[in-house]
**Q** 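I'd like to ask you about the structure that follows.
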Amino acid sequence: PTRGYVFLAYAGTVDPPLVTKAHRNVIPMVADLGACRLHPMDSDCRGPAHKRKVYEGWQKVTGRIAWYGYLVGGSFSAPGVITAAEEYRLLRDRGCIGGMREHTAAPQANWAMLNWMEVKLMWDVDRDPVKLRRQFIAGYYGRSAADAIERIYDRIETGLRNSSTATPADSRYAYVHNRQLYEFLGPSVEDCRPDIEAALRIAHGETNAAHRRRIARDMGGLIGGLPQDMKGLLAE
C-alpha cells in the first residue's frame, strides 16, 4: 500500500482509457513516441494537441502521471529548452511526479544544455528558462562567445517553434515533423551564420581549452563541419 506501480503508457496504450479508473498506486509513465518534439505545447500542431489530451486524460484516470520523453537527433538536438520548459509546467499542472528522457541520438548542439536545464527545471519548473539558458551558455562555452551563441540558440529554437505545423492526413500525430528537422533547421542556421562565424573567431583566442573545443564542435556541427583551417580548435 505504500508503493507505486509505474508502467509505460506507450504505443498502443498511450491513450488513456475512457471509462476505467486505475488503482491509486498505479502511475502511467506517458511515452508518446509519435508526438512532434519541435513545436510549442500551445501550438495547433497535432503533436502537442495530442499530448495535451493524453496528459489530461491520464490525470483523470490515475491522479498522478510520470513522463518519458525523447530527442530528435541531428545537428541540433530537439526539443529546444524553451519548448521543453513549457511542457514541464504543463506536466506539473497535470499531476506529474517526475520522469526521464530517452536519448535516441548522439549528442549535438543543444544536447548538453537540454540535459542541464531539465535537471534544473525538474526541481523548480517555474524558473525562467531564458535566464537559465544564458547561465548555461556562459558557463559551458565561456563568457567571450556567450552573446553570439545565445543569439544562435534563440534564433534556431524560434525558427523551429514557428515552422509549419501542417502534416499529411495519414501521419501518426506529427512524427513527420521530427523527420523534417533538417528541413526546418536549414533556414535558421543560415540566418545564424554571421554569429556562428563570430563565435568561431572568438574560439581562436579562447584560452580555456574546454570552451574552445565546445564552441568549435557545436558551431561546426551546425554548419556541417569546420573549415580545414579551423580543425585545430578541436585539439585536446
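Computed over heavy atoms, backbone and side chain alike; hydrogens, waters and symmetry mates excluded.
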**Q** When rounded to the nearest 0.5 angstrom, what is the spacing between CG in Asp154 and OG in Ser188?
**A** 10.5 Å
**Q** Any salt bridge (charged side-chain N to carboxylate O under 4.0 Å, His left out) pairs touching residues 196-209, not counting sequence neighbours?
**A** none
**Q** To the nearest 0.5 Å, what is the distance between CZ (Phe136) and CE (Met113)?
**A** 6.5 Å
**Q** Heavy atoms only: give me the nearest Ile65-Ile27 pair and the separation to one decimal.
**A** C-CG2, 3.8 Å
**Q** What heavy-atom pair brings Thr62 and Val26 nearest, and what distance separates the two atoms?
**A** CB-O, 3.9 Å
**Q** Between His50 and Asp15, is any pair of side-chain heavy atoms under 4.5 Å apart?
**A** yes
**Q** Taking side-chain hydrogen bond (donor to acceptor under 3.5 Å, both in side chains) as the definition, give me every residue that meets it alongside Asp93, ordered by chain and number, with sequence neighbours left out.
**A** none
**Q** Give a yes or no on whether the backbone of Glu150 and the side-chain of Arg133 come within a donor-acceptor separation of less than 3.5 Å.
**A** no
**Q** If you measure from CZ on Arg64 to CD1 on Ile97, what distance do you get to the nearest 0.5 Å?
**A** 5.5 Å
**Q** If we only count heavy atoms from C-beta on, is the Leu233 to Ile215 side-chain gap below 4.5 Å?
**A** no
**Q** Which distance, rounded to the nearest 0.5 Å, do you find between the NZ of Lys131 and the NZ of Lys120?
**A** 15.0 Å
**Q** Please report the C-alpha distance between Met219 and Ile152 in whole Å, then the side-chain angles of each, then the deciding distance to 0.1 Å, and finally whether the side chain to side chain contact (heavy atoms under 4.5 Å, CB included) criterion is met.
**A** CA-CA 9 Å; Met219 299 303 102; Ile152 293 163; 3.6 Å; yes
**Q** Indicate the atoms forming the closest heavy-atom contact of His204 with Asp229, along with that distance.
**A** CE1-O, 4.3 Å
**Q** Could you tell me if the side chain of Arg89 sits less than 4.5 Å from the side chain of Met41, heavy atoms only?
**A** no
**Q** Identify which one of Lys53, His39, Glu86 satisfies the side-chain contact (heavy atoms from CB on, under 4.5 Å) criterion when paired with Pro48.
**A** His39
**Q** Which donor-acceptor pairs under 3.5 Å do the side chains of residues 73-83 make with protein atoms, sequence neighbours left out?
**A**
from, atom 1, to, atom 2, distance (Å)
Thr83, OG1, Glu157, OE2, 3.1
Thr83, OG1, Arg161, NH1, 2.8

**Q** Give the minimum heavy-atom separation between Leu234 and Arg213, together with the two atoms involved.
**A** O-CD, 3.4 Å
**Q** Hey, could you give me the OG/CG distance between Ser164 and Leu38, rounded to the nearest 0.5 Å?
**A** 11.0 Å
**Q** On a heavy-atom basis, which atom in Thr165 and which in Asp44 lie closest, and how many Å separate them?
**A** OG1-OD1, 3.0 Å
**Q** Check whether any side-chain heavy atom of Leu222 lies under 4.5 Å from a side-chain heavy atom of Ile156, and answer yes or no.
**A** yes
**Q** Under 3.5 Å, is there a donor-acceptor pair between the side chain of His177 and the main chain of Ala166?
**A** yes
**Q** Does Leu185 belong to the same Ile/Leu/Val/Met/Phe/Trp/Tyr cluster as Ile223, with side-chain heavy atoms less than 4.5 Å apart forming each link?
**A** yes
**Q** Group every Ile, Leu, Val, Met, Phe, Trp and Tyr by side-chain heavy-atom contacts under 4.5 Å, then state whether Tyr182 and Leu71 land in the same group.
**A** no
**Q** Which pairs of donor and acceptor atoms, one on a side chain in residues 140-148, lie under 3.5 Å apart (sequence neighbours left out)?
**A**
from, atom 1, to, atom 2, distance (Å)
Tyr140, OH, Arg217, NH2, 2.8
Tyr141, OH, Tyr153, OH, 2.6
Tyr141, OH, Asp218, OD2, 2.6
Asp147, OD1, Arg134, NH1, 2.8
Asp147, OD1, Arg134, NH2, 2.8

**Q** Got a salt bridge between Glu56 and Lys60, using NZ or NE/NH1/NH2 to carboxylate O under 4.0 Å?
**A** yes
**Q** Just by distance, do the side chain of Asn115 and the backbone of Trp111 share a donor-acceptor pair under 3.5 Å?
**A** yes
**Q** Under 3.5 Å, side-chain donor or acceptor atoms of residues 3-10 against the rest of the protein: list the pairs with distances, not counting sequence neighbours.
**A**
none

**Q** Please lay out, stage by stage, how Asp195 and Arg151 fare under the test salt bridge (Lys or Arg N to Asp or Glu O under 4.0 Å).
**A** CA-CA 7 Å; Asp195 280 320; Arg151 288 193 295 270; 2.8 Å; yes
**Q** Could you tell me whether the side chain of Lys51 reaches within less than 4.5 Å of the side chain of Leu90, counting heavy atoms only?
**A** no
**Q** Tell me, do Leu200 and Leu226 make a side-chain contact under 4.5 Å, heavy atoms counted?
**A** yes
**Q** With Arg214, which residues qualify under salt bridge (Lys or Arg N to Asp or Glu O under 4.0 Å), at least two apart?
**A** none
**Q** To the nearest 0.5 Å, tell me how far Glu118 CD sits from Arg101 CZ.
**A** 4.0 Å
**Q** Looking only at heavy atoms, what is the nearest atom pair of Val61 and Pro16, with distance?
**A** CG2-CB, 4.3 Å
**Q** Side-chain contact, heavy-atom cut-off 4.5 Å: Arg92 with Asp126?
**A** yes
**Q** Give a yes or no on whether the backbone of Asp191 and the side-chain of Arg155 come within a donor-acceptor separation of less than 3.5 Å.
**A** yes
**Q** Can you confirm if the aromatic rings of Trp67 and Tyr88 lie within a centre distance of less than 6.0 Å?
**A** yes
